[in-house]
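Residue numbers start at 1 and run along the sequence shown.
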Amino acid sequence: MSRLIVVSNRVNPPEKRGDAPAGGLAVAIAAALREYSGFWFGWSGQTTEGFTGEVKTSRVDDVTVRTIDLEEGDYQEYYNGYANGTLWPLFHYRIDLTAYDRSFGEGYDRVNRRFAEALAPLIEPGDLIWVHDYHLFPLARELRRLGIGNPIGFFLHIPWPAPQLLTTLPRHRALVEAMFDYDLVGFQTDEWLWAFESYVLGEAAGTWTRDGRMTAFGKTLSAKVFPIGLDVETFTELAASDTAIQTYDRMAAHAAFRSMVVGVERLDYSKGLEERLLGFERFLADNPYQRGKVLYLQVAPTSRGEVEAYQDMRGRLDALTGRINSMYGDMDFSPVRFINRNYRRDELAGVYRAAKVGLVTPLRDGMNLVAKEYVAAQDPHDPGVLVLSRFAGAARQMTEAVIVNPFSHEEMAEALKRALTMERAERIDRWQALMEGVRRTDVKTWRDAFVRALSATRGTGPVSELPVAQGGWRGVRAFDFARGQLRGHRRRPEAGEPGA
Ligand code: GDG
């Protein structure tokens, strides 16, 4: 069987399964690699004075990891710069926060080249290479330049922006062209696939081939939807652990007859924390009889603390929390508890279970695994209610949640009220449907579907002639999201095209 080589920016498998670092990607990849032979390649998280390119190999909780160190300049330009100062905000629709700095782009290309040069000698014929996320868009291009012809797939964990936004990026065309060095490109939802398709067809004169692939820049790729899921088995084990139960008891005692609402995420502007606090404030303002009866706990460990936009946000959140607590608190009670630290996953499971409402309201999110974790941690006989932003990829699947527009404080307040007063029978019905979906589309389904689709590609070969549909029409395909598959569209061939 082929080996699977997973490549991502950071390589950080959890040391112990209960003790994972924050970040959905690490959790999902570690689960995938326990099942396949192969290794996980990427940055160690360390910086050195000069770049050595030395690859270090180790084994962490049944996963073989191979890492390289980066230079300080790489870290600033590639990681803090282009990846998290340019691409992350742009791909989360925040062009107001996007830094367009040429040196960042140069650092980004340099690090992708360094990754490729360190990885290429480790690749054997037959290996499947699976690249993750926005830090590494041009990695396949660099590997192809070094003569690697293996199948290479790419999975984007975050949204793909609408063309109107992407075209604000100075080198947008080069970025999309580099995608065509992959054989397979996966997105979390149909919405992100459509946005990609829209750029390729509209800006790059691309087309769909009859067998459901996309052609542009003289190259062809498969583009598909693979919604990421939870490692449900491991997570439900964690939720039943002693630590989870102790945390549950502690939280239940702390809430002391109050209903607890919980939010858990990395401290990131895409997660809508300010809007959530404003929505909660509105809820307290509109519902005086709920004051003193509801406690909102927000767990938000620091992430990317060196990027300026993150530091600014921190100050605003502290001010907002202070305002709500002084307005609606009492001598012995504060309605908002904002905790800026990392908890163990088993502790989080206990916190989720103790909360009557899981408030997951990002402004834009590729998928959002917290929504799925909240559901998986609930008591089947007395489950809490998930309030979920319509702008999370997860909302495409989790339609039985209370779906909300996080930009509207009124809607947020109403959704909270509805969730907190929902009858048990309705909570159980909704939870059962949600849990069935969480189980059906778990991390294994995601991983196996991607690896199967990648194995079915051929790697780089000569670009074949565009197939022409019968009757002189060229086949163009679009995604049918009700059926989860591509459906055929047709358009007239243009003058000069075969079949015109
Ligand atoms: C990206 C995409 C996509 C949070 N706080 C703590 C902690 N966490 C864990 C959660 C969850 C993970 O971090 C967050 O995953 P998300 O999916 O919600 O979000 P991102 O980190 O932005 O992940 C996202 C994901 O990739 C996967 O494709 O869903 O859309 O943005 O697992 O539990 N974990 C621990 N302590 C904390 O305090 N241990």
Please report the C-alpha distance between S270 and R364 in whole Å, then the side-chain angles of each, then the deciding distance to 0.1 Å, and finally whether the side chain to side chain donor-acceptor pair (under 3.5 Å) criterion is met. CA-CA 6 Å; S270 68; R364 192 69 59 174; over 6 Å; no
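- Screening F154, F450, W130, F155 for a side-chain contact (heavy atoms from CB on, under 4.5 Å) involving L184 leaves a single residue, F450.
- Looking at Y374, its side chain never comes within 3.5 Å of a backbone N or O of L359 through a donor-acceptor pair.
- With respect to E106 and R102, no salt bridge is recorded, no charged nitrogen being found less than 4.0 Å from a carboxylate O.
- Figure legend: R173 and Y199 shown without cation-pi pairing, the cationic atom not lying both under 6.0 angstrom from the six-membered ring centre and within 45 degrees of its axis.
- Residues L156 and F137 are in side-chain contact: their nearest non-hydrogen atoms beyond the backbone lie under 4.5 Å apart.
- Not less than 6.0 angstrom separates the ring centroid of Y93 from the ring centroid of F391.
- Remark: the backbone N or O of G366 is paired with a side-chain donor or acceptor of W192 at under 3.5 angstrom.
- We find the CZ-CZ distance between F217 and F180 to be 6.0 Å, quoted to the nearest 0.5 Å.
- In this structure, Q76 CD and D74 CG are separated by 10.0 Å, a value rounded to the nearest 0.5 Å.
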Please assess T207 against M214 for the test side chain to side chain contact (heavy atoms under 4.5 Å, CB included), listing each intermediate value before the final yes or no. CA-CA 6 Å; T207 52; M214 223 182 250; over 6 Å; no
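- No donor-acceptor pair closer than 3.5 Å links the side chain of R3 to the backbone N or O of S37.
- With a 4.5 Å cut-off on side-chain heavy atoms, V299 and P301 count as touching.
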For H132 and L136, what are the C-alpha separation, side-chain angles and deciding distance, and is it a side chain to side chain contact (heavy atoms under 4.5 Å, CB included)? CA-CA 7 Å; H132 290 260; L136 300 172; over 6 Å; no
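- Tested against L230, the residues V438, V375, T236, V443 include a single side-chain contact (heavy atoms from CB on, under 4.5 Å) partner, V438.
- The aromatic rings of F196 and W160 sit perpendicular to each other, their planes meeting at more than 60°, with 30° as the lower class boundary.
- For the ring pair (Phe, Tyr, Trp, His ring centres under 6.0 Å) with Y134, the qualifying choice from Y79, W88, F91 is W88, the only one to do so.
- Screening V387, V262, D365, V370 for a side-chain contact (heavy atoms from CB on, under 4.5 Å) involving V360 leaves a single residue, V370.
- E265 and Q298 are linked by a side-chain donor-acceptor pair at a separation below 3.5 angstrom, with hydrogens and angles left out of the test.
- With contacts defined as side-chain heavy-atom distances shorter than 4.5 Å, the pair R59/V63 does not qualify.
- Taking the side chain as every heavy atom from C-beta outward, T189 and P227 never approach each other to under 4.5 Å.
- Nearest heavy atom pair, residue A116 against residue L139, reads N-CD1, 3.7 Å.
- Here the CG atom belonging to N368 is positioned 5.0 Å from the NZ atom belonging to K271, to the nearest 0.5 angstrom.
- Minimum interatomic distance between A223 and L193 (heavy atoms only, all atoms of both residues): CB-CD1, 3.6 Å.
- With 3.5 Å as the limit, one finds a donor-acceptor pair spanning the side chains of S8 and W40.
- Smallest separation of non-hydrogen atoms from E400 and L434: OE1-CD2, 3.6 Å.
- Checked for salt-bridge contact, R213 and D183 miss the test: no charged N lies under 4.0 Å from a carboxylate O.
- Looking only at distances, no side-chain donor or acceptor of E275 sits under 3.5 Å from a matching main-chain atom of P406.
- Inter-residue side-chain proximity for F41 and I129 is flagged as unmet; no heavy-atom pair is nearer than 4.5 Å.
- With hydrogens and angles ignored, the 3.5 Å screen pairs a side-chain donor or acceptor of N112 with a backbone N or O of Y108.
- For D69 and K56, the salt-bridge test passes: some basic side-chain N is under 4.0 Å from an acidic carboxylate O.
- With values rounded to the nearest 0.5 angstrom, I123 atom CD1 is found 4.0 Å from I148 atom CD1.
- Annotation for L128 and L454: closest pair CB-CD2, 4.0 Å, computed over non-hydrogen atoms.
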Go through T441 and W446 one step at a time and tell me if the side chain to side chain contact (heavy atoms under 4.5 Å, CB included) criterion holds. CA-CA 7 Å; T441 60; W446 169 75; over 6 Å; no
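- Formation of a donor-acceptor pair under 3.5 Å by the D101 side chain with backbone atoms of S103 is found in this model.
- A donor-acceptor pair under 3.5 Å links the side-chain atoms of T98 to the main chain of R94, judged by distance alone.
- For the pair A419 and V357, the tightest heavy-atom approach, listed with the atom from each and the gap, is CB-CG2, 3.8 Å.
- Aromatic ring centroids of Y78 and F104 lie 6.0 Å or more apart.
- One finds a salt bridge joining R440 and E436 here, because a Lys/Arg side-chain nitrogen approaches an Asp/Glu carboxylate oxygen to under 4.0 Å.
- Here the straight-line distance linking atom CG of N84 with atom CG of D268 works out to 8.5 Å at 0.5 Å rounding.
- Between V402 and L386 there is no side-chain heavy-atom pair separated by less than 4.5 Å.
- Under 4.0 Å is where a charged nitrogen must lie from a carboxylate oxygen, and between R110 and E77 at least one such pair does.
- E117 has no carboxylate O lying under 4.0 Å from a charged side-chain N of R114, or vice versa, which leaves the two without a salt bridge.
- Of the possible donor and acceptor atoms, none in the side chain of S408 sits under 3.5 Å from a partner among the backbone N and O of N405.
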List the steps, then state whether side chain to side chain donor-acceptor pair (under 3.5 Å) holds for T168 with Y100. CA-CA 9 Å; T168 64; Y100 300 99; 2.9 Å; yes
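- L267 contributes atom CG, which lies 4.0 Å from atom CE of M313 (distance to the nearest 0.5 angstrom).
- Note: F226 and F187 fail the aromatic proximity criterion, with ring centroids not under 6.0 Å apart.
- Taking 4.0 Å as the cut-off between side-chain N and carboxylate O, D442 and K444 do not count as a salt-bridged pair.
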Pair M398, K372 - check side chain to side chain contact (heavy atoms under 4.5 Å, CB included), show working. CA-CA 9 Å; M398 306 181 84; K372 299 187 177 188; 3.9 Å; yes
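- Judged purely by distance below 3.5 Å, without hydrogens or angles, the side chains of R427 and Q378 never pair a donor atom with an acceptor atom.
- The cationic atom of R66 (NZ for Lys, CZ for Arg) lies less than 6.0 Å from the six-membered ring centre of F39 and within 45° of the ring axis.
- Across all non-hydrogen atoms, the minimal contact from R439 to V232 is NH1-CG1, 3.9 Å.
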Derivation and outcome, side chain to side chain donor-acceptor pair (under 3.5 Å), residues W208 and E197: CA-CA 9 Å; W208 284 100; E197 175 192 27; 2.6 Å; yes
Report the C-alpha separation of T220 and T215 in whole Å, then their side-chain angles, then the decisive distance to 0.1 Å, and conclude whether the side chain to side chain donor-acceptor pair (under 3.5 Å) test is met. CA-CA 4 Å; T220 302; T215 296; 3.3 Å; yes
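- Look at R141 and D109 and you find a salt bridge, because one of the NZ, NE, NH1 or NH2 atoms lies within 4.0 Å of a carboxylate O, short of that distance.
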